[in-house]
Amino acid sequence: MKYEKGSIKHLVLSIVTTDIFGLIVFPLFDWIFSLFSKNSFKYTIREHIISPLILCTIVAIVCWFVDKRKEKKK
């Protein structure tokens, strides 16, 4: 199945994939940094679920707008 850049389906797919990526990467990097800094790793809802969802959704929407503008210029 092919999604055209700039379409709503592409936006939804982009949001879902970046959110899943963020939910995996944010806690992983936090855990790795805690190993080097000798601090204990504490998994919190705000820092490891809510923040990545908000940040990754914003990044996906910005990238979608950039792709949409590029498609209009062509």
Side-chain angles (χ1 to χ4, degrees):
M1 191 180 281
K2 186 175 179 181
Y3 296 104
E4 295 179 21
K5 286 187 177 182
S7 68
I8 299 298
K9 290 179 183 179
H10 185 260
L11 173 63
V12 171
L13 182 65
S14 178
I15 289 173
V16 169
T17 55
T18 55
D19 284 347
I20 290 171
F21 181 76
L23 288 173
I24 294 169
V25 170
F26 273 65
L28 182 64
F29 280 145
D30 197 23
W31 177 70
I32 290 171
F33 289 139
S34 72
L35 292 176
F36 292 116
S37 65
K38 304 293 183 193
N39 294 335
S40 62
F41 175 73
K42 294 181 182 174
Y43 188 86
T44 60
I45 300 294
R46 184 175 182 193
E47 290 181 17
H48 297 109
I49 294 178
I50 296 172
S51 295
L53 287 176
I54 292 170
L55 183 66
C56 291
T57 301
I58 291 170
V59 167
I61 290 171
V62 168
C63 290
W64 181 73
F65 275 121
V66 169
D67 285 343
K68 191 171 181 174
R69 280 192 166 183
K70 285 181 183 178
E71 288 296 316
K72 281 186 179 180
K73 288 184 180 181
K74 287 184 180 181

Give a yes or no on whether Val16 and Val62 share a hydrophobic cluster (residues Ile, Leu, Val, Met, Phe, Trp, Tyr; joining criterion: side-chain heavy atoms under 4.5 Å apart).
-> no
Spacing of CG belonging to Leu23 relative to CG belonging to Leu28, to within rounding of 0.5 Å | 12.5 Å
Does Phe41 CZ have over 12 foreign heavy atoms under 6.0 Å away?
-> yes
Give, for atom CD1 of Ile50 and atom OG1 of Thr44, the distance between the pair rounded to the nearest 0.5 Å.
-> 8.5 Å
Thr18 to Ala60 - nearest heavy-atom pair and separation = OG1-CB, 3.4 Å
Between the side chain of Ser51 and the main-chain N/O of Arg46, is any donor-acceptor distance below 3.5 Å?
-> yes
Between Asp19 and Leu53, which heavy-atom pair has the shortest distance, and what is it?
-> OD1-O, 3.4 Å
Does any N or O in the side chain of Ser14 come within less than 3.5 Å of the main-chain N or O of Leu11, such that one atom is a donor and the other an acceptor?
-> no
Between the side chain of Trp64 and the main-chain N/O of Ser7, is any donor-acceptor distance below 3.5 Å?
-> yes
Decide yes or no on ring-ring contact (aromatic ring centres under 6.0 Å, His included) for Tyr43 and His48, but give the supporting numbers first.
-> CA-CA 7 Å; Tyr43 188 86; His48 297 109; 5.0 Å; yes
Side-chain heavy-atom pair His10, Leu13 within 4.5 angstrom cut-off = no
Below 4.5 Å, heavy atoms only, C-beta onward: do Cys56 and Phe21 meet side chain to side chain?
-> no
CZ of Phe33 to CG of Asn39: how many Å apart, nearest 0.5 Å?
-> 12.5 Å
Stepwise side-chain contact (heavy atoms from CB on, under 4.5 Å) check, Phe26 with Leu55 | CA-CA 11 Å; Phe26 273 65; Leu55 183 66; 3.4 Å; yes
Of Ile58, Ile61, Ile20, the one forming a side-chain contact (heavy atoms from CB on, under 4.5 Å) with Ile15 is Ile61
Flag if over 12 foreign heavy atoms under 6.0 Å of CZ, Phe29 | no
